[in-house]
Amino acid sequence: MKRTVNTLVIGSGAAGLAAALRLKSLGVDDVLLLSEGLNRGTSINTGSDKQTYYKLGIYGAEPDSPVQLAQTLFEGGSAHGDVALVEAALSVRCFMNLVNLGVPFPCDGYGQYIGYKTDHDPKRRATSCGPYTSREMCLALIRAVRAAGVEIAEKRNVAELITVGNRAAGAIALNRETGEFETIFSENTVFAVGGPGGLYASSVYPVGHFGAIGLALKAGALAQGLPESQFGLASVKFRWNVSGTYMQVLPRFVSTAPDGSDEREFLRDHFKTAGEMNSMIFLKGYQWPFDVRKVPDGSSVIDLLVHEETVKKGRRVWLDFRANTEGLDFAALSDEARTYLEKSGACFGTPLERLEKMNPGAIELYRDHNIDLAAEPLEIAVCAQHNNGGLAGNVWYESPNLKHLFPVGEVNGSHGVCRPGGTALNAGQVGGTRAAEYIAGRCRTSTLDLAVAERQAEKLLADLRRRLSGTRDWRKDRRELQERMTVYGGHLRPADRLEQAADDARKLVEAMERDGYPAADADHAITNFQLAFAHWIYLESIAFQVSTGAGSRGSAAVLDKEGKLIPENPAYRKHVLETEYSASGLRLRWTPCRPVPNPDGWFETVWKEYRTGEVYGAV
């Protein structure tokens with residue numbers, strides 16, 4: 001089956017849905033949304049104790065502005081300031097769009113939308129509607145997209161991106177219902193495939209969400225900041241971040257043998273007092289991602305201690321909410337922890353009782369997934385959670401080197417080293433909106449050479465069918481690449497072995513391309529091809545970052561041969577690591593961060609640029 005559309009949206013998470021909806025509202029009717037399933041993916045299946053949406057501060061008398069918010073996003077390091085300003089400037093508009101679509105963000109009796117501080121946040125910009133904020137966003141956007149009449153094709157697994165020269169031209173997808181390949185040519189491709197959820201063995205991404213950044217990397221799209229991932233403590237039976245209230249109620253950290261025997265509280269051995277230990281557990285609530293700046297004397301030491309138990313000692317670690325930690329004394333907590341619990345009316349009882357008082361939805365969430373925190377402990381590990389890097393995009397979210405490709409959502413690497421919690425949800429809505437507006441303003445008329453695109457698609461299909469006539473075991477290869485990424489691309493990165501890991505990743509890609517998989521395994525094979533390619537490019541980027549001297553930063557600790565932390569060289573925070581693949585090889589380089597603009601605009605000039613469409617090329 002072949003067809004042609006103006007805009008192809010790949011992915012039905014919150015960012016892709018926002019793009020499709022905005023396209024329709026702007027009169028771009030020839031839109032097709034390809035999805036593995038509207039109920040699949042990260043946005044609709046993830047959250048935390050109270051999943052955060054980060055935006056401009058709009059409550060009370062505390063001043064804020066787009067430039068101030070952009071500066072916060074920029075100061076995390078290795079991020080471009082112009083994109084940060086866009087994400088700041090559109091944050092209120094995109095947030096209010098969600099409010100108007102029915103997402104139940106809390107406001108006071110005067111209609112002000114309340115905020116709170118999240119990690120790396122100097123102001124109270126964060127908000128939440130509970131553990132399922134991104135799910136509520138998706139459900140509201142799905143209702144709106146359906147009402148707008150957007151065409152949706154589910155049960156599709158995209159196998160290749162079609163390119164013609166330096167532009168995107170559509171995609172080839174496997175129809176899981178028919179088993180046939182479908183070719184969709186498009187003037188524009190909005191690439192909203194989420195983060196690299198299938199890359200890691202230890203992962204909090206939803207089971208079944210793999211991401212598809214490998215498709216764009218193979219097609220030659222410029223990437224930036226690929227090494228900048230986030231890792232943190234998460235439950236493993238049901239994949240969920242144990243951040244926020246889960247930590248602030250001070251659960252017991254229990255280690256056991258693999259069979260569940262030999263139970264012991266292991267954190268106490270590593271702190272001088274019980275008060276210090278409990279204060280650090282509390283801090284993990286809003287210092288949730290592993291952060292090299294918070295070791296050895298900060299809250300991220302807890303992540304390392306959990307890793308030591310689970311990986312080095314081969315034991316299992318659990319959170320137990322049924323009893324207090326040994327020696328708990330609320331008066332012995334840090335001022336920050338004690339004040340928070342006092343104001344929350346939670347200086348009493350067991351961790352579970354405190355959780356019931358502060359956030360009952362956090363208990364119900366696990367109960368909904370057949371885990372009763374009153375009857376059993378919660379098994380946890382340090383898991384991959386978010387990729388701050390990804391594909392590069394300009395201020396309209398178009399790829400700088402692959403025109404008509406618009407990476408939006410987590411696959412767009414706008415965040416740099418550190419980001420305030422909740423910025424990803426805002427960035428996805430902003431990216432989807434900006435891409436749609438650029439397409440409506442500049443890309444309604446077809447400029448695609450369809451005959452050339454058809455010839456390119458035939459070549460891709462022929463090669464795809466060749467690779468689906470082999471004998472490899474997709475399960476074995478999937479396990480190999482995921483374990484390699486967890487060991488070498490996780491929160492602890494051995495500097496002396498990264499180049500070999502990248503070379504081993506390249507060899508796996510070559511073997512898969514050469515030997516192929518059985519046609520009966522086409523669905524899994526397609527996923528493996530892009531995952532394997534992505535894990536090679538990621539590891540090459542990580543090895544390059546380390547070899548050039550960036551050191552430990554963000555959520556990644558780089559270790560020397562003796563296992564000692566290699567300190568960060570802060571100069572690299574003023575640069576962004578770019579990665580680009582082509583037939584001639586791999587190009588990696590550091591490029592200076594573009595600063596945060598501070599335009600001194602004049603109304604008449606801006607109005608003219610907006611009326612004439614010059615705004616699309618004015619920055």
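Along the sequence shown, residues carry numbers from 1. These numbers come from the heavy atoms of this one structure, side chains and all, not from hydrogens, waters or symmetry mates.
A donor-acceptor pair under 3.5 Å is absent between the side-chain atoms of Asn569 and the main chain of Gly551, judged by distance alone. Side chain of Arg573 to main chain of Gly76: a donor-acceptor pair is present (N/O by atom type, distance under 3.5 Å, no hydrogens or angles). Judged by distance alone, the side chain of His209 and the main-chain N or O of Gly195 form a donor-acceptor pair under 3.5 Å. Remark: the backbone N or O of Ala14 is paired with a side-chain donor or acceptor of Gln429 at under 3.5 angstrom. Side-chain N or O atoms of Lys24 include none that pairs as donor or acceptor with a backbone N or O of Gly27 at under 3.5 Å. Side chain of Asn6 to backbone of Arg444: a donor-acceptor contact under 3.5 angstrom is found. At distances below 3.5 Å, at least one donor-acceptor pair connects side-chain atoms of Asn401 with backbone N or O atoms of Leu222. At least one donor-acceptor pair closer than 3.5 Å links the side chain of Ser334 to the backbone N or O of Ala337.
Counting only N and O atoms by type, the side chains of Glu228 and Ser78 include no donor and acceptor under 3.5 Å apart. Side chains of Glu410 and Tyr205: a donor on one and an acceptor on the other come within 3.5 Å. Between the side chains of Thr245 and Asp49, at least one donor N or O sits under 3.5 Å from an acceptor N or O. Tyr397 and Asn412 are not linked by any side-chain donor-acceptor pair at a separation below 3.5 angstrom, with hydrogens and angles left out of the test.
Closest approach of Leu101 to Ala144, counting heavy atoms only: CD2-CB, 3.8 Å. Listed here is the closest heavy atom pair of Val242 and Trp288: O-CD1, 3.8 Å. Contact record, Leu405 with Ala168: CB-CB, 3.9 Å, taken as the closest heavy-atom pair. Residue Pro407 comes nearest to Ala392 through the heavy atom pair CG-O, 3.6 Å, listed as atom of the first residue, atom of the second, then distance. Nearest heavy-atom pair, Ala362 versus Pro131, reported as atom, atom and distance to 0.1 Å: N-CG, 4.4 Å. Gly194 and Val411 make their closest contact through O-CB, 3.5 Å (heavy atoms, listed as atom of the first residue, atom of the second, distance).
Two residues are said to be in side-chain contact when any heavy atoms from C-beta on lie closer than 4.5 Å; Ile142 and Leu17 meet this criterion.
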Could you go through the side-chain contact (heavy atoms from CB on, under 4.5 Å) check for Tyr53 and Cys94 one step at a time?
CA-CA 11 Å; Tyr53 190 105; Cys94 290; 4.1 Å; yes
Salt bridge (charged side-chain N to carboxylate O under 4.0 Å, His left out) between Glu87 and Arg434, worked out:
CA-CA 10 Å; Glu87 293 185 358; Arg434 287 283 281 191; over 6 Å; no
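For Phe603, the ring-ring contact (aromatic ring centres under 6.0 Å, His included) partners two or more places apart in sequence, or in a different chain, are Trp607. Ser134 is linked by a side-chain hydrogen bond (donor to acceptor under 3.5 Å, both in side chains) to Gln51, counting only residues two or more places apart in sequence or in another chain. Residues satisfying the side-chain hydrogen bond (donor to acceptor under 3.5 Å, both in side chains) test with Gln248, not counting sequence neighbours, are Tyr340. Residues passing the salt bridge (Lys or Arg N to Asp or Glu O under 4.0 Å) test with Lys403, sequence neighbours excluded: none. Every residue two or more places apart in sequence or in another chain that forms a ring-ring contact (aromatic ring centres under 6.0 Å, His included) with His491 is listed here: Phe290, His307. Partners of Ala436 by side chain to side chain contact (heavy atoms under 4.5 Å, CB included), not counting sequence neighbours, listed by chain and number: Arg22, Leu23. Legend: residues meeting ring-ring contact (aromatic ring centres under 6.0 Å, His included) with Tyr200, ordered by chain and number and at least two apart, are Phe231. Not counting sequence neighbours, Phe210 has no partner by the ring-ring contact (aromatic ring centres under 6.0 Å, His included) test.
For the atom pair Met485 CE and Leu539 CG, the distance stands at 5.0 Å (nearest 0.5 Å). Remark: Ser414 OG to Leu73 CG distance equals 8.0 Å, nearest 0.5 Å. Taken to the nearest 0.5 Å, the CG atom of Leu333 stands 4.5 Å off from the OG atom of Ser279.
Pairs engaging residues 58-86 under the ring-ring contact (aromatic ring centres under 6.0 Å, His included) rule: none recorded [sequence neighbours left out]. Within the structure, side-chain hydrogen bond (donor to acceptor under 3.5 Å, both in side chains) pairs that include any residue of residues 88-104 comprise Arg93-Glu437 (at least two apart or interchain). Residue pairs that meet the salt bridge (charged side-chain N to carboxylate O under 4.0 Å, His left out) test with at least one member in residues 66-84, sequence neighbours left out, are Asp82-Arg594.
The only option from Arg125, Arg124, Lys55, Lys123 that meets the side chain to side chain donor-acceptor pair (under 3.5 Å) definition with Asp64 turns out to be Arg125.
Ring planes of Tyr132 and Trp240: perpendicular class, angle over 60° (limits at 30 and 60°). Between Phe406 and Tyr438, the ring-plane angle classifies as tilted under the 30° and 60° cut-offs. Aromatic ring orientation, His575 versus Trp590: perpendicular (interplanar angle above 60°, classes split at 30° and 60°).
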Enumerate, atom names and distances included, each donor-acceptor pair closer than 3.5 Å involving a side-chain atom of residues 112-119, sequence neighbours excluded.
residue: Gln112; atom: OE1; partner: Gly60; partner atom: N; Å: 2.9
residue: Gln112; atom: NE2; partner: Asp108; partner atom: OD2; Å: 3.1
residue: Tyr116; atom: OH; partner: Thr52; partner atom: OG1; Å: 2.7

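Under the 4.0 Å criterion applied to side-chain N and carboxylate O atoms, Glu568 and Arg293 are not assigned as salt-bridge partners.
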